Amino acid sequence: MTEAVESRHFIQQIIDADIETGKWGAPGDRSIVTTRFPPEPNGYLHLGHTKAICLSCGIAREYGGRFFLRFDDTNPAKEEQEFVDSIKHDLEWLGATWEGEAKFASDYFDQMYSWAIELIEKGLAYVDDQSVEEIRSGRGNLKDGGQESPFRNRSVEENLGLFARMKAGEFENGSRVLRAKIDMNSPNMNLRDPLIYRIVNAPHHRTGDTWHIYPMYDWAHGLEDSIEGITHSLCTLEFEDHRPLYDWFIEAINQGRNDEDKIHHPQQIEFSRLFLSYTNMSKRFMRQLVEENHVQGWDDPRMITVAGFRRRGYTPESFWKLAEDVGITKFNAMVDFSRLENMVREDLNERAPRRMVVLDPIKLIITNWDEHGDADRVEAMEVPNHPKDESFGSRTINFARELWIEREDFMIDPPKKFFRLGLGREVRLRCGYWVKCHDYKRDSDGNVIEVYCTYDHQTKGGNNPPPESDGQVRKVKGTIHWVNVNDAVDAEVRLFDRLYMAERPGKKTGDHLDDLNPDSLKIVFNAKIEPGLVQKRDDEPNWEDGIRRFQFERTGYFCVDADSTPEKMVFNRTASLRDSWSKQK
RNA sequence: GGGGGAAUGGUGUAAUUGGUAGCACGAGGGAUUCUGAUUCCCUUAGUUCGGGUUCAAGUCCCGGUUCCCCUACCA
C-alpha cells in the first residue's frame, strides 16, 4: 500500500535542506550544486577513489549541477604528468564526465599567494625560521599543548619581506615556512599554527620553476573549492579534524571584508572510506606489489586499481552499482569483496554474449557417428548468443565426430549427484546431440584423455528424443559444453583469483606480503575456443570501451586481453559463474 | 580530565526525524531451466550495554563499552 519512499543519505539530506533554504542561491535552485573530485596526480586511481567519484559526480548529476575535476598539484616533488593523463582516462572510462577543462590547483597559485599576504597584513600569519624538528617539538603532543615559536610575533613588515624573499627563491628547502597564527594550545593539532607555505626548490610539472614556495593542503584545498564555487566539498572521514581549519582560512580571508567582497565559503562534508575485504587500498602497498614484481604492473588484473579492474573486464557500471550498494554513511564498514564480484556478474549476465570454450580439454569421440551418415561429416548447429535475450541473435557452430569437452565434466565412476558424463551415463552436449559414454582411454599417467560415446541421432540440436513405444520420454539431467576438434582454436586464458588470502592483508603479521595468495594467477595455454571468437562478430555488442566481453558458458565471464593477437588470443577471467555444485562437493 | 567521529540480522544499508524495525547481499530450503548460470518463491537472523523521560524510544536525556581518525615543511 505505502509507496516506498526513495531514501536519502545524509549528504543528500543536507543538500536538500540547503536548496530549500536557499543557502547557496535562490531557494529551490538545484543547479547551484557544485562538486569536485580533487586527486593529487601522484598515482593511479583505485577502487577507493571510485566511491568518491561516483558520489560527487552522482550528486551533481542528480541535482542538475556541476562536477569538476581538479588536480591538487601542490607538491611538485611527487607529481607527474603521467598521472594526470591516467586519472583523466580512468574518469572518462568510468563515465564521470567533468564540466569544462580539468582544473589545476597550480592555476590558482597567484591568487593563493595574494591571500596569504592579506593574512600577514592582518597579523594572522608569520614567517617561522625554525627547523622541521623545532616546529615538530614545538607543536606538542596529543596530551600537552605546544609552545609558541620565537618568530611568532614578528612585525608585519618583516614577515612581508621574508615571505617575498621565500617566493623569490632566496632560501633553501626547509629553512622557513609561513604559518597561520591560531592557537598553539588547541586540542585540535591542526590548529596549532598550521603551515601555509613551505619552500620547495623543485620544478613543477606545469609551472616549471616559477615558484619556490608551494601551498600546503589545508591552505590550498578550501581556497581552490572557494574559487571554483564548490558548494559541497565532499571528502573522507579523516579530514573531519581539518574542517575547523578549512573554515578558519576562509573566514580569515573574509575577516574585515564587506559582504560583497567576501569569498565563497563551501561546506566540507565527510563520509566514510570504502574498505573491501581481501584487498588493501594503501598506495604504499600497491606500489610495493608493482615494484617488487608480485604483480605485473599497475594494470595487472589482480590489482584494485581502476586500470587493473578495466583490464580484468570489469565494467564501469559495476562500480556505480557498488557505490550505490554500499551507500554513504560515516561508518567505516568492511564490504565483502564478493559484493563487487556480484555487481559485475549482474551486469555481465545481461550484456555479455555467450560462447563455448573448453579450458581443460579432453577428447570425446562419437563411435557410432557413421551409423547415420558419413563419418567425416560436419553438422551445423544453431546456438543462441544469449539464453534470455533474443536480440543477441544466434550463431552456427560445427558439430562432428570428435569434440573437446571439459576434463571435469567426466568421471569414470561418478557419485549419484554428478549431473555430467560418466561411464554408462548420458548427457546433452549443448545445442548438439545427446551422448552416452561406453568407454574411455587413459594415458600412461592414468589421466583420462579420450572418452568414447554413442550419440542419439534423434536428439539433434540437443532436443529431447521422441517418446519411446511405452510413451515415456527419456530424460537427461546434465548439459555440458563442447568445441569441435577440427575447427577449435587454441587460446591462452588467464584465471585470476584474489591477490590476498586474508580478509585484512597484513593484519596478522604486519606484512601484507605474508598474506599473498600464491595461486592468484593460473594460466591455461591450450584452451579450446570457438573459431568465431577470434574476430569480432557483427552481432557482438559494441562495448563503449572497446573491450570484448563474453560469458563462456558454465565457466565464467571473460574479456579479450590487450595482449591478444589474431594468431594468439588471450582472455582474462573477469569472474567465475556462481557455482553451487562446487560448494556441494 | 587531550580532541574529533562512529555503533541497527553474518555483511552493507533504511526507518516519513518520538509511532508496525524495512531492503539488498549471504546462508538454508523449494520451483523453473538445453549453463549446477539466470529467474521465481519461502525461511533465517538485528537496534553496543546500563539507567532515565514518555501512552510510545533505534530515534530524546544521563552514564558506560568498543572501534576509527588526529602529534608530515604529504594530500
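Values below: all heavy atoms of this structure, side chains included; hydrogens, waters and symmetry mates excluded. Lettering of chains follows the sequences in order, A, B, ..., and the numbering in each one begins at 1. Here the structure is a predicted model, which is why all the values come from computation and not from measurement.
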**Q** Which class fits the ring pair Tyr455(A) and His457(A): parallel under 30°, tilted 30 to 60°, perpendicular over 60°?
**A**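 Tyr455(A) and His457(A): perpendicular rings.
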**Q** Could you write out RNA chain B as a dot-bracket string, with dots for unpaired bases, | for bases paired across to another strand, and Watson-Crick or G-U pairs counted at under 3.5 Å?
**A** .((((((..((((.....[..))))((((((.......))))))...(((((..]....))))))))))).....
**Q** Specify the residue among Arg243(A) and Glu40(A) whose closest nucleotide of RNA chain B lies further upstream toward the 5′ end.
**A** Arg243(A)
**Q** Grab the NZ-P distance between Lys283(A) and C74(B) for me, whole Å please.
**A**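 Computing the Lys283(A):NZ to C74(B):P distance gives 15 Å.
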**Q** Rounded to whole angstroms, how far apart are CD on Glu270(A) and P on G3(B)?
**A**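 From Glu270(A) CD to G3(B) P: 19 Å.
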**Q** Between Val335(A) and Arg420(A), which has a closest nucleotide on RNA chain B that is more 5'?
**A** Val335(A)
**Q** With sequence neighbours excluded, give me every salt bridge (charged side-chain N to carboxylate O under 4.0 Å, His left out) pair touching residues 271-285 of chain A.
**A**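 Output for this query lists Glu238(A)-Arg273(A).
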**Q** Given atom CG of Asn42(A) and atom C1' of C74(B), what is their separation to the nearest angstrom?
**A** 9 Å
**Q** Indicate, with a heavy-atom threshold strictly under 4.0 Å, whether Lys477(A) touches base, sugar-phosphate, or nothing.
**A**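 It contacts nothing in the nucleic acid.
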**Q** Tell me, please, which residues at least two apart from Trp248(A) pass ring pair (Phe, Tyr, Trp, His ring centres under 6.0 Å).
**A**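 None.
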**Q** Any base atoms under 4.0 Å from Arg139(A), or only sugar-phosphate, or nothing? Heavy atoms, all strands.
**A** sugar-phosphate
**Q** Taking RNA chain B as the partner, which of residues 347-356 of chain A come within under 4.0 angstrom of it by heavy atom?
**A** Asn349(A), Arg354(A)
**Q** How many whole angstroms separate atom CH2 of Trp211(A) from atom C1' of C73(B)?
**A** 17 Å
**Q** Indicate, with a heavy-atom threshold strictly under 4.0 Å, whether Gln13(A) touches base, sugar-phosphate, or nothing.
**A**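 Base contact.
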**Q** Just say parallel, tilted or perpendicular for the rings of His46(A) and His49(A), cut-offs at 30° and 60°.
**A**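 Aromatic pair His46(A)/His49(A) classed tilted.
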**Q** Going by number, which of residues 128-138 of chain A have a non-hydrogen atom under 4.0 Å from RNA chain B?
**A**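 Correct list: Gln130(A), Ser131(A), Val132(A), Ile135(A), Arg136(A).
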**Q** Check each residue of residues 322-329 of chain A for a non-hydrogen atom within less than 4.0 Å of any atom in RNA chain B, then write out the ones that pass by number, or none.
**A** Asp325(A), Val326(A), Ile328(A), Thr329(A)
**Q** With sequence neighbours excluded, tell me which residues meet salt bridge (Lys or Arg N to Asp or Glu O under 4.0 Å) with Glu379(A).
**A**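 Only Arg377(A), Lys460(A) meet the salt bridge (Lys or Arg N to Asp or Glu O under 4.0 Å) criterion with Glu379(A).
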**Q** So, using side-chain contact (heavy atoms from CB on, under 4.5 Å) as the criterion, who are the partners of Glu553(A) when residues are at least two apart?
**A** Arg354(A), Arg430(A), Gln551(A)
**Q** Using the salt bridge (Lys or Arg N to Asp or Glu O under 4.0 Å) criterion, which residues pair with Arg428(A)? Sequence neighbours excluded.
**A**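 For Arg428(A), no residue satisfies salt bridge (Lys or Arg N to Asp or Glu O under 4.0 Å) once neighbours in sequence are set aside.
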**Q** Counting the atoms with a prime plus P, OP1 and OP2 as sugar-phosphate, which does Asn463(A) contact under 4.0 Å by heavy atoms, base, sugar-phosphate, or nothing?
**A** base
**Q** Regarding Phe71(A), tell me which of base, sugar-phosphate or nothing describes its non-hydrogen contacts under 4.0 Å with the strands shown.
**A**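 Touches nothing.
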**Q** Sequence neighbours excluded, which residues qualify as side-chain contact (heavy atoms from CB on, under 4.5 Å) partners of Glu346(A)?
**A** Lys321(A)
**Q** Below 30° counts as parallel, above 60° as perpendicular, anything between as tilted: where do the rings of Trp298(A) and Tyr44(A) land?
**A** parallel
**Q** Between the protein and nucleotides 64-70 of chain B, are there any N/O to N/O pairs under 3.5 Å, and if so, what are the atom names and distances?
**A**
| residue | atom | partner | partner atom | Å |
| --- | --- | --- | --- | --- |
| C68(B) | O2' | Asn332(A) | ND2 | 3.0 |

**Q** Remember a base hit wins even if backbone is also touched, and classify Thr74(A) as base, sugar-phosphate or nothing at under 4.0 Å, heavy atoms.
**A** sugar-phosphate
**Q** Tell me whether the ring of Trp581(A) lies stacked over the G36(B) base, given a 5.5 Å limit on centroids and a 30° limit on the plane angle.
**A**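 Here the ring of Trp581(A) and the base of G36(B) are stacked, with centres under 5.5 Å and planes under 30°.
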**Q** In whole Å, I'd like the distance from the CZ atom of Arg179(A) to the C1' atom of U71(B).
**A**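 Rounding to the nearest Å, CZ of Arg179(A) and C1' of U71(B) are 12 Å apart.
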**Q** For Leu245(A) and A75(B), what is the distance between atoms CG and C1' respectively, to the nearest whole Å?
**A** 14 Å
**Q** With a 4.0 Å limit, can you tell me whether Lys330(A) has a side-chain N or O closer than that to the phosphate oxygens OP1/OP2 of G4(B)?
**A** no
**Q** Across the strands shown, which category fits Asn141(A) at heavy-atom distances under 4.0 angstrom: base, sugar-phosphate, nothing?
**A** base
**Q** Rounded to whole angstroms, how far apart are CZ on Phe331(A) and C1' on A6(B)?
**A** 7 Å
**Q** Mind checking salt bridge (Lys or Arg N to Asp or Glu O under 4.0 Å) for Asp16(A) and listing every partner two or more places apart, or none if nothing turns up?
**A**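 If we apply the salt bridge (Lys or Arg N to Asp or Glu O under 4.0 Å) test to Asp16(A), skipping adjacent residues, the hits are Arg8(A).
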